[in-house]
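Here's the structure we're looking at; comments come further down.
All ligand and atom numbering here is 1-based and tracks the order in the structure. Computed from a predicted model, the values in this text were never measured in an experiment.
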Amino acid sequence: MVCLGNICRSPLAEGILKSKIDSSRVYVDSAGTGHWHIGDEPDKRSIAVGKKYNIDITAQRGRQFSATDFDNFDLIYVMDNSNMEDVLALAKTDLDKKKVKLILNEIFPGENVDVPDPYFGGDLGFENVFKMLDEACEKIADQL
Ligand code: 4NP
């Protein structure tokens, strides 16, 4: 699960997907394309909306996406089209590129819709992000 900062959207996506899969079978992690929040806790507003729905993301720490992630993961879900560009720029092979998917295409196939970045908005943005990610992760968990 990849976003820009790895403190708002992708930590929620990681926590939500983990809650829907068997962790002995599927490894889920998240990262940001940017470096600003390496080692940081998720944003307090993401922690709060997660807690509201019984998803505890407090143990997560920010890390930056790197080219080696293509070797370690089979599927890479990005939150928006800008994350898609940044991640694809690090791909070395066509196989790498095929691993990258826009997460909301799971629920709106082919529409290339972004998960809006809630960082500069209010709490409602985080609630909306949670709902979108919950629906998308339900689809992903079914496929896994
Ligand atoms: P995220 O939100 O990509 O959903 O984690 C952001 C958090 C922080 C920043 C940008 C986006 N930032 O520029 O610090």
Sidechain N-carboxylate O distance under 4.0 Å for Asp142, Lys20: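 The answer is no: the pair does not qualify as a salt bridge.
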
Those residues that, when tested against Phe108, pass ring-ring contact (aromatic ring centres under 6.0 Å, His included) (two or more places apart):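 Here no residue qualifies.
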
Partner of Asp69 under side-chain hydrogen bond (donor to acceptor under 3.5 Å, both in side chains), chosen from Arg63, Gln64, Lys99: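 Option passing the side-chain hydrogen bond (donor to acceptor under 3.5 Å, both in side chains) with Asp69: Arg63.
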
Single-linkage hydrophobic cluster, 4.5 Å side-chain cutoff, Leu144 and Leu104 together: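 Both belong to a single hydrophobic cluster.
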
Amino acids in close contact with ligand 1, where any non-hydrogen atom sits under 4.0 angstrom away: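 Correct list: Cys3, Leu4, Gly5, Asn6, Ile7, Cys8, Arg9, His37, Asp117, Tyr119.
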
Short side-chain donor-acceptor distance under 3.5 Å, Tyr53 and Glu127: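 Yes - a donor-acceptor pair under 3.5 Å links their side chains.
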
Under 3.5 Å side-chain donor-acceptor pair for Asn112 and Asn105: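 Present: a donor and an acceptor within the cut-off.
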
